[in-house]
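Here's the structure we're looking at; comments come further down.
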Amino acid sequence: MNIIHTQSGDQSARVTAGLLLDALKAKPDLLMGLATGGSAEGVYKEMVSAHRAGQADFSQARTVNLDEYIGCDDEHSYRRFMEDHLFSHVNLPKENITIADRTADPDAEAARLRAFFAENRVDIQLLGLGPNGHVGFNEPADALCPDVHAETLTEATIAANARYFASPDDVPRRAVTMGMGDILKARRIVLIVTGPAKRAALAQLLAGDTVTTQNPGTFLLLHPDVTLVTDLT
Ligand code: F6R
């Protein structure tokens, strides 16, 4: 694993955006796997700035999102997050965006996305890490599902994501997520981890000697091209 140490969350976002944008320059029709959440938000801010400065062209780019809540309202959906923080600010064609439909039947959506991944390989996958080690919505468990599937959120993840909702009771309990197998098939992975809440989950990944379904982030040890960008020491 390549590790880039930074001094702050903002610097992590700048460095991570730079890696994604370099990949886009090298391959204009890049398929980017995208994440949502606080870490990703800073990355998209940098990407939008680069686009406005004429340094990033998304006209041929393609994207697929890691996950989406099921039965969520539009305001709190990851689709809305992506529109607000990236899609509506850059010249990415709407038809090049793939994200689960929060209103559709979850099993049908999982099947649609499995078909997408059978046909398409992600060039560069942006990931964050949950405080409990989750990646996408692959939650710590006795077993993990390799492919796109519907997942029930853990209490820890509901608590971590409650900041986006009026109360924890409003956080959707289910989501459609890429599986760890889909994630590990990406050509390249960029993992951004900032803030002390992630310290324990990251420490187990950095130790490098255990892959455990109880910390899905440790599965990244199985991938040959992961770059970790972190302000944690
Ligand atoms: C969201 C996702 C999650 C987040 C993780 C970290 O699409 O895939 O796994 O990456 O929860 O979120 P932040 O950056 O908000 O701490």
Side-chain angles (χ1 to χ4, degrees), residues 6 8-17 20 32-47 63-70 72 76-87 97-102 109 113 122 124-141 144-145 148-165 168 171-172 174-184 186 189-202 205 213 215-220 226-232:
T6 66
S8 65
D10 285 351
Q11 195 189 354
S12 293
R14 271 196 300 282
V15 168
T16 303
L20 294 171
M32 280 184 278
L34 298 179
T36 57
S39 326
E41 191 176 325
V43 175
Y44 300 146
K45 198 170 154 211
E46 295 293 332
M47 290 168 76
T63 65
V64 58
N65 266 81
L66 271 171
D67 45 17
E68 174 62 291
Y69 290 120
I70 293 169
C72 183
H76 293 97
S77 67
Y78 283 168
R79 156 71 77 163
R80 170 59 42 206
F81 176 99
M82 292 308 305
E83 291 290 345
D84 290 350
H85 295 291
L86 183 68
F87 295 160
I97 295 169
T98 300
I99 185 167
D101 179 348
R102 69 191 163 83
E109 273 308 273
L113 291 168
V122 170
I124 189 163
Q125 176 68 54
L126 172 64
L127 294 178
L129 186 69
N132 65 354
H134 74 222
V135 175
F137 272 125
N138 294 282
E139 294 279 39
L144 297 177
C145 182
V148 183
H149 61 285
E151 179 96 11
T152 301
L153 274 53
T154 60
E155 287 305 318
T157 294
I158 291 166
N161 290 4
R163 65 192 193 278
Y164 291 109
F165 294 81
V171 181
R174 302 198 76 208
V176 170
T177 183
M178 283 169 69
M180 285 311 301
D182 302 311
I183 291 166
L184 292 174
I189 293 175
V190 180
L191 172 66
I192 175 169
V193 183
T194 68
K198 318 282 177 69
R199 198 177 292 282
L202 182 65
L205 172 59
T213 59
N215 181 348
T218 60
F219 273 70
L220 301 178
V226 177
T227 300
L228 165 67
V229 182
T230 186
D231 61 348
L232 292 169

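One-based numbering, in listed order, for ligands and for the atoms of each.
Of the listed residues (Thr213, Thr157, Thr177), just one forms a side-chain hydrogen bond (donor to acceptor under 3.5 Å, both in side chains) with Glu139, and that residue is Thr157.
The distance criterion of under 3.5 Å between nitrogen or oxygen atoms is not met by Phe137 with respect to ligand 1. For the pair His134 and ligand 1, the shortest N or O to N or O distance falls below 3.5 Å.
The distance from ligand 1 to the heavy atoms of Gly128 drops below 4.0 Å at these ligand atoms: 10 (O). The distance from ligand 1 to the heavy atoms of Leu66 drops below 4.0 Å at these ligand atoms: 8 (O). Interface atoms of ligand 1 facing Gly38, defined by a heavy-atom separation under 4.0 Å, are 13 (P), 14 (O), 15 (O). Counting the atoms of ligand 1 from 1 in the order shown, those under 4.0 Å from a heavy atom of Gly37 are 14 (O), 15 (O).
Side-chain contact check for Thr6 and Ser12: at least one donor-acceptor pair (N or O, by modelled atom type) lies under 3.5 Å. The closest side-chain donor-acceptor pair between Tyr69 and Asn161 falls under 3.5 angstrom.
At least one heavy atom of Lys198 sits closer than 4.0 Å to an atom of ligand 1. Under a 4.0 Å heavy-atom criterion, Arg163 is in contact with ligand 1.
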Q: Walk me through it: do His76 and Tyr164 pass the test ring-ring contact (aromatic ring centres under 6.0 Å, His included)?
A: CA-CA 7 Å; His76 293 97; Tyr164 291 109; 8.7 Å; no
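Classification of Arg79 and Glu83 as a salt-bridged pair holds, one side-chain N sitting under 4.0 Å from a carboxylate O.
Shortest contact from atom 14 (O) of ligand 1 to any protein heavy atom: Ser39 OG, 2.4 Å. The protein heavy-atom contact nearest to atom 3 (C) of ligand 1 is Gly136 O, 3.7 Å. Taking atom 4 (C) of ligand 1 as the reference point, the nearest protein heavy-atom neighbour is Thr36 O, 3.8 Å.
Scanning for side-chain hydrogen bond (donor to acceptor under 3.5 Å, both in side chains) contacts around Thr230 gives an empty result, with sequence neighbours left out. The salt bridge (Lys or Arg N to Asp or Glu O under 4.0 Å) search around Glu109 returns Arg112, not counting sequence neighbours.
With contacts defined as side-chain heavy-atom distances shorter than 4.5 Å, the pair Thr36/Met82 qualifies.
Of the options Ile183, Asp67, Leu129, the smallest heavy-atom separation from atom 8 (O) of ligand 1 is shown by Asp67.
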